[in-house]
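Heads up: the structure comes next, in structure tokens.
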Number of protein chains: 2
Amino acid sequence: MTESERGPRERMVFSAAQLIRRRGVAGAGMRDVVAHAHAPRGSLQHYFPGGKEQLVNEAVRWAGRYAARRVPRFMAGMTERTPAGLLAAMAGQWTQEYAREGFAGGCPVAAATVACADSVESTREAAAGAFGEWTGAVRGALVEMGVPDARAEGLAVVMVSAVEGAVVVARAERDVRALEAVVRELGPVLDAAVERRDRRHP
Amino acid sequence: MTESERGPRERMVFSAAQLIRRRGVAGAGMRDVVAHAHAPRGSLQHYFPGGKEQLVNEAVRWAGRYAARRVPRFMAGMTERTPAGLLAAMAGQWTQEYAREGFAGGCPVAAATVACADSVESTREAAAGAFGEWTGAVRGALVEMGVPDARAEGLAVVMVSAVEGAVVVARAERDVRALEAVVRELGPVLDAAVERRDRRHP
DNA sequence: AGCCGACCATGACGCCTGTCATAATCACCT
DNA sequence: AGGTGATTATGACAGGCGTCATGGTCGGCT
């Protein structure tokens, strides 16, 4: 999260994602981004000749990659690998942030989608790619845990959708009960989808 | 949806909701709203002395009331009243709109939350109220169908969250598969939560 | 008739935004 | 040393935004 010493370009993309997820796309001005990234203002036109659209798209892609990369890390950190555990880890990431830093931020991909899906095609595509990458990672983890291929994709989409929606509700209510409810009610369904197979032989 | 002949004030609130759900809060200018509502521009300061903030808040509250009112209507329109059927109806509202009019719009409450939750307290409160009203209506319907009180609230929150998230994903992907997956995977869980009781006597 | 409040019309203001033009500075290579 | 391309700096610009001041129009009440 706080790998502060990258190039200015990468810092700006990161800062854009951070500001977008807090204030929305329109609320995150380019001047704010360079200030937040401690980057020179003149670098904007140099690194992002495509303007704000390009910067937003890269921030969205960055967020998608980040979410996807987190999935195997969650898997590695779980003592007992179950689909419900993965869902709990995904939601837990949010509940922990909200407990730590308050309900200031949401998902930048959702923010970009809500603001640009109907007006900026390239951003919509970037958001679709981000969701796809994220869902793909979750689906892979589910298959690895024994969920049959036929259902893994659908369940992964549901997990991502439910968490995404719960984040919005949680932010509005300033209460993580939506995230907790998703874990509580959806978890058992996921575990029930695991195909029985011999586990006695590791 | 198209009760066009209300007072100018109500039309402006309705138009604000429509524009917000398509372009986001920042993308929906006040000039656009009056144009969309075929309302006189001078009425803005008369009916909404609180400025854009007031207008947005009323649009959010209107959307919450609208969503809540739809629930009993869904119930009335179902031949066999089941929790899964209600979820299918809620999601179906979106899939039908997307099939009919394309993926232009999302949920105005989500749009307002994403853009204002951290900057405009009153809007955040309005969004929380809207989600609460909606969830309350769903919870009531679940109880009516035999879901025990203890689980009804949580399941209602999950239904709303999942649909809300699936709408975002669907809009990004220009594909209703997320909505369909939510119905397919979540529906059975809801029906399984219905307490067994004698139904032979209507 | 005369008034008065509700409602509408319009133009202007100040602010902030994204973008660009231009020039200065730096790093590095031959 | 000289030059060359990458990077940074800064100021200006046009456009859009929300808001407001001012004045016009209507309808109903006394």
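Just so you know, these numbers use all the heavy atoms, side chains as well, and skip hydrogens, waters and symmetry mates. In what follows, every chain begins at residue 1, and chains take the letters A, B, ... in the order their sequences are listed.
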Discussion item. In whole Å, I'd like the distance from the CZ atom of B:R23 to the P atom of D:dC17.
Written reply: 9 Å

Worksheet item: Roughly how far apart are A:L190 CG and B:E185 CD, rounded to 0.5 Å?
Response: 8.5 Å

Worksheet entry | Mutual orientation of the aromatic rings belonging to A:Y98 and A:W94 [parallel < 30°, tilted 30-60°, perpendicular > 60°] | tilted

Worksheet, complete the sentence: Residues B:V183 and B:P188: closest non-hydrogen pair is O-CD, 4.2 Å

Worksheet item: For the pair made of CZ in A:R9 and C1' in D:dT8, what is the distance, rounded to whole Å?
Response: 16 Å

Item to complete: Find the distance B:H46:NE2 to D:dA21:P and express it as a whole number of Å.
Response: 15 Å

Practice prompt. Examine the side chains of B:S122 and B:E53 and answer whether a donor and an acceptor come within less than 3.5 Å of each other.
Written response: yes

Worksheet item: For the pair made of NZ in A:K52 and C1' in D:dG16, what is the distance, rounded to whole Å?
Response: 13 Å

Between the protein and nucleotides 10-13 of chain D, which nitrogen or oxygen pairs come in under 3.5 angstrom?
unit_1 : atom_1 : unit_2 : atom_2 : d
D:dG11 : O6     : A:R41  : NH2    : 2.4

Item to complete: Using whole Å, report how far CG of A:L55 lies from P of C:dT17.
Response: 15 Å

Worksheet item: Reckon A:S43 has a side-chain N or O less than 4.0 Å from the OP1 or OP2 of D:dT8?
Response: yes

Worksheet entry | Distance test, side-chain N/O of A:Y47 to OP1/OP2 of D:dA6, below 4.0 Å | no

Response to the item:
A:L44 CG to C:dT19 C1', in whole Å, measures 10 Å

Worksheet item: With distance as the sole criterion, is a donor-acceptor pair present between the side chains of A:E58 and A:Q54 under 3.5 Å?
Response: yes

Discussion item. Using whole Å, what does the distance between atom P of nucleotide D:dG18 and atom CG of B:N57 come to?
Written reply: 15 Å

Discussion item. From NE2 of B:H38 over to P of C:dC8, roughly how many Å is that when rounded to an integer?
Written reply: 15 Å

Discussion item. When you compare the side chain of B:D32 with that of B:R23, does any pair of heavy atoms fall below 4.5 Å?
Written reply: yes

